[in-house]
Amino acid sequence: MILWHGRLEEKPEAEAFAFQASIETDQRLALEDLRGSRAHAAMLGKQGILPPDTAARLDRELAGLEEELKQGTLVIDRKAEDIHSFIEGIITERLGDPGRMVHAGRSRNDQVVLDFRLYLKRAVPELQTELVQTITALLDQAEQHAETLMPGYTHLQRAQPVTLGHHLTAWAAALDRDVGRFSDALVRLDECPLGSGALAGSGLPLDRDAAAQSLGFRGPTLNAMDSVADRDFALELAGAAAVAMTHLSRFCEDVVIWASEEFQFIRIAERWSTGSSIMPQKKNPDFAELIRGKAARTSGNLMTLLMLLKGLPYAYAKDLQEDKEALFDSLDTLRSCARMFRGMMKSAEFNKERMEACCTGGFLEATDAADYLVRKGTPFRKAHEIAAQVVRDCIAAGERSIRERSLEKLRARSDQFEPDIYDALSPMACVCARNLPGGPAPEEVRRQIKVLRDRLVSGFSQRSL
Ligand code: ARG
């Protein structure tokens, strides 16, 4: 059914019609379109715009279609223009005039934003649940490895000893913010555009508050023109998805590095690896690489939406039809990547011996040697200089760690070095000394894990700005 043929004598050719159609993308709004139409028809009935029995018939028919959709028996006609015209077409075909009455006081411009918002109110919390489960999987591993030593890096150079628990909790903290970003966007999205019409509302006595309430929105949107022109919610969600995917891409980059023969920190399970078609020995971290690569899509989708809106005159223009494909792809991509990353991390094994061994060599204890001197009263800048000199002494003598140097030689650089320096500079002692809030000390990491777990339990849907 074409909703606009009254004005035009000519019809577009098939290829042109298909070009401007959006059913392939917006068919996933079918349930929301039915729900929105039910709420609109019920409101029209209450307001006396439709006779009560017409409203009731429409409601029965739309409810029946909802059921058919859930059962999978509703066949969506891919030749229709969009989901809105398809559904109006079906009810018109089945009911005749009542079907022709449902669009009173409504435009596809407010209808499509309504459907889009309703869909996101359903889909985004599902996506957040995937992220929460991914955070939980990371925290489970972090807990297991609260005492597993590993080198921490800056500039991809060994910096200071930390624990694997500290590193994995860092990832979890980033994903926790992602969950929050989605919640923040949902707060602003939670307004109902129905009743905004094409751009200028309606002269019919619609009850926008009632429609908003029946659909579970906080209230109606403020301004009809803004309602049909605004896609901030899509931008914000695409932004949140791009940030979350950027996080996953960084985690996956770490995983790829850790899985290399040079590092050998992680053993990715075989079922989360792939082989090579030519090199028989290969076990490749393809899943991690692909997640890293897919972050390109979500950044691209965000750019698509920004460009779509840039300079677009008020209010609606057909350009906006491109919004859904971009956002759906971002949300789908993040969902599948979160699931794949979770599976890969849950089954990953870590090479504790190797990671601990890498805490020696590279002088990761140098900062702690400086701190040791500071504790004994040396000014920090002086202590830094002495520790650096000691490192150079060690390198010149072929020693791999400050702990390999004799006390006598250490004391030649500072008489504040005492026998306790050797215990103080063991990787575990260095880590345990860093027990400030946020630090890598095992007890402190366990506290961070608990804070994150408590946040997840308290429920992400309640979070707001
Ligand atoms: N399929 C359209 C979209 O997704 C629905 C709105 C069409 N409105 C219009 N005035 N042509 O944006």
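Whatever order the structure lists ligands and atoms in, that order sets their numbers, starting from 1.
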Inset, instruction - Say whether, by atom type as modelled, one donor and one acceptor occur between the side chain of R208 and the main chain of L194 under 3.5 angstrom. - result: yes

Going by atom type alone, with no hydrogens or angles, which donor-acceptor pairs under 3.5 Å involve a side-chain atom of residues 68-77 and a protein atom two or more places apart or on another chain?
residue	atom	partner	partner atom	Å
E68	OE1	R94	NH2	3.3
E68	OE2	R94	NH1	2.9
Q71	NE2	E67	OE2	2.8
T73	OG1	E68	O	3.2
D77	OD1	K79	N	2.8

Inset, instruction - Please name all residues satisfying side chain to side chain contact (heavy atoms under 4.5 Å, CB included) with L312, sequence neighbours left out, ordered by chain then number. - result: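 For L312 the side chain to side chain contact (heavy atoms under 4.5 Å, CB included) partners, ignoring immediate neighbours, are A317, D319, L320.
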
Pairs under 3.5 Å, N/O atoms on ligand 1 and on the protein: can you put them in a table with the distances?
residue	atom	partner	partner atom	Å
ligand 1	1 (N)	S22	OG	3.1
ligand 1	1 (N)	D82	OD2	3.1
ligand 1	1 (N)	Q321	OE1	2.8
ligand 1	4 (O)	K324	NZ	2.8
ligand 1	8 (N)	N109	OD1	2.9
ligand 1	10 (N)	N109	OD1	3.1
ligand 1	12 (O)	Y316	OH	2.6

Inset, instruction - Compute whether any side-chain donor of one residue and acceptor of the other, for H103 and R106, lie under 3.5 angstrom apart. - result: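 Their side chains do contain a donor-acceptor pair, which is all the 3.5 Å distance test asks for.
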
Inset, instruction - On the 0 to 90° scale, with breaks at 30° and 60°, tag the W171-F341 ring pair as parallel, tilted or perpendicular. - result: tilted

Inset, instruction - List in chain and number order the residues that pass ring-ring contact (aromatic ring centres under 6.0 Å, His included) with F263, two or more places apart in sequence or in another chain; answer none if no residue qualifies. - result: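 Applying ring-ring contact (aromatic ring centres under 6.0 Å, His included) to F263 gives Y153, F265.
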
